[in-house]
There are 2 protein chains.
Amino acid sequence: MKIALTKTVVLYGLFLAGLSYLLALIKFKFLLRELSVEFYVGVVTIVFTALGVWMGSRLVRKKRGPVEQFVMNESARDHLGITAREIEVLALMSAGHSNEEIARQLFLSLHTVKSHVSHILFKLDVSRRTQAVEKARSLHLIPKSGSSLV
Amino acid sequence: MKIALTKTVVLYGLFLAGLSYLLALIKFKFLLRELSVEFYVGVVTIVFTALGVWMGSRLVRKKRGPVEQFVMNESARDHLGITAREIEVLALMSAGHSNEEIARQLFLSLHTVKSHVSHILFKLDVSRRTQAVEKARSLHLIPKSGSSLV
DNA sequence: GCGTGAATCATACTTTGGAGTGATGCCCCC
DNA sequence: GGGGGCATCACTCCAAAGTATGATTCACGC
């Protein structure tokens, strides 16, 4: 991010340098052959509008970056009284793991996982794990798709 | 969309008109008091860069619109041989509905729904409905969260 | 030091999900 | 007109999910 920004600035500087050289050339011509100021300004106008469009696109693209980092909605979590362990289970549930797989991955017994899942369902006020995953996602308790918490 | 674009063009035209008036003024001054061409060009440069940035932002914002409409990945769907009815069931699954709820909503017997679900799991090469939902989402067979197909 | 709540494990039970297999009616296409 | 794919329904069997209830341990705070 920082490097990319630096690169942009450097590129812009180089571009400006090149452009001033060009301007000097045009100005030289202008003095010699009485080229109109309008033409001169027209070139500058077009070039800098284009440059601005390019910069604008880059800026916006960077701002709404393609990464879209996940940030936990801690207030919702605390409000519902969902514990850290339950979030862990929730994340594994959302990845489509079975209770037994979750038990193995977290070094728990199947009973414990079922207990956690029950609490999750109760706290989220749903009755099925798929609903729990949906709700947890919409509450930003777990990332969208394709990410991991660990 | 088209209206907004037209509006942008009109605004741009008005802006240019205003600017040429400004330029004429500046030029007048330039002739009178020998203001340097560099100053003249500098102003134009800055103004049009800013204008370009503004236009660039608008263009990009429009292109990646704030709605982020869902478009079905038909090639993936066809390649996997998933039928329209299966997509319907998949959408209801993704909302966290049980087989029986799906049966009621689609006026089917529980058996039929189970049959559809089995086919979905087979075609998506998964063994649990939560995984199926995950995979279907990542393949853009169903919308992200909080939308509906109907 | 005692209550509270989280995390863990447990047993017994009901409900739901999923595999396997097969049947029927329908439509499309060669 | 027969084969193939789809949608529908059916039955069995087993696995997984979820409910209910309760026990134990540990940490934290008043």
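Quick note on labels: first sequence line is chain A, next is B, and so on, each numbered from 1. All of these numbers come straight from a predicted model, not from anything done at the bench.
- Using a 4.0 Å cut-off, some side-chain N or O of B:Ser118 falls inside it from OP1 or OP2 of C:dA19.
- To the nearest angstrom, C1' of D:dG18 lies 15 Å from CD of A:Glu86.
- For A:His111 and D:dA16, the NE2 to P distance is 14 Å, given to the nearest whole Å.
- When rounded to the nearest whole Å, the span between NZ of A:Lys123 and P of D:dT19 equals 14 Å.
- Closest to the side chain of B:Ser115, from the set C:dG17, D:dC9, D:dA16, is D:dC9.
- Where A:Val117 and B:His116 meet DNA chain D, the nucleotide closest to each residue was compared, and B:His116 sits on the side nearer the 5' end.
- Closest to the B:Arg128 side chain, of the nucleotides C:dG17, D:dA17, C:dA10, is D:dA17.
- For A:Thr83 and C:dA7, the shortest distance from a side-chain N or O to OP1 or OP2 is below 4.0 Å.
- Using a 4.5 Å cut-off on side-chain heavy atoms (C-beta onward), B:Ile82 and B:Leu124 make contact.
- The separation between B:Phe107 atom CZ and D:dC9 atom P is 12 Å, rounded to whole Å.
- In this structure, A:Lys114 places its NZ atom 15 Å from P of C:dG17, rounding to the nearest Å.
- Comparing D:dC6, D:dA17, C:dG18 by their closest approach to the side chain of A:Arg129 singles out D:dA17.
- The CG atom of A:Leu121 sits 17 Å away from the P atom of C:dT15 (whole-angstrom rounding).
- Using a 4.0 Å heavy-atom cutoff across all strands shown, A:Leu110 reaches no nucleic acid atom at all.
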**Request:** Might you work through the side-chain contact (heavy atoms from CB on, under 4.5 Å) test for B:Arg129 and B:Val117, ending with a clear yes or no?
**Result:** CA-CA 8 Å; B:Arg129 53 171 52 216; B:Val117 172; 4.2 Å; yes
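- For B:Lys114 (side chain) and B:Asn99 (main-chain N/O), no donor-acceptor pair under 3.5 Å exists by modelled atom type.
- For the pair A:Glu100 CD and D:dC14 P, the interatomic distance rounds to 18 Å; values are reported in whole Å.
- Salt-bridge formation is detected for the pair A:Arg137/B:Glu134: a Lys NZ or Arg NE/NH1/NH2 atom is positioned less than 4.0 Å from an Asp or Glu carboxylate oxygen.
- B:His119 has its NE2 atom 12 Å from the P atom of C:dG20, to the nearest Å.
- Counting heavy atoms from C-beta outward, A:Leu106 and A:Thr112 have side chains that stay 4.5 Å or more apart.
- With C:dT8, C:dG18, D:dT8 as the choices, the nucleotide that has an atom nearest any side-chain atom of B:Arg85 turns out to be D:dT8.
- Contact annotation: A:Asn99 reaches the phosphate of D:dA17 (side-chain N/O to OP1 or OP2, under 4.0 Å).
- In terms of phosphate contacts, A:Thr112 brings a side-chain nitrogen or oxygen within less than 4.0 Å of OP1 or OP2 of C:dC9.
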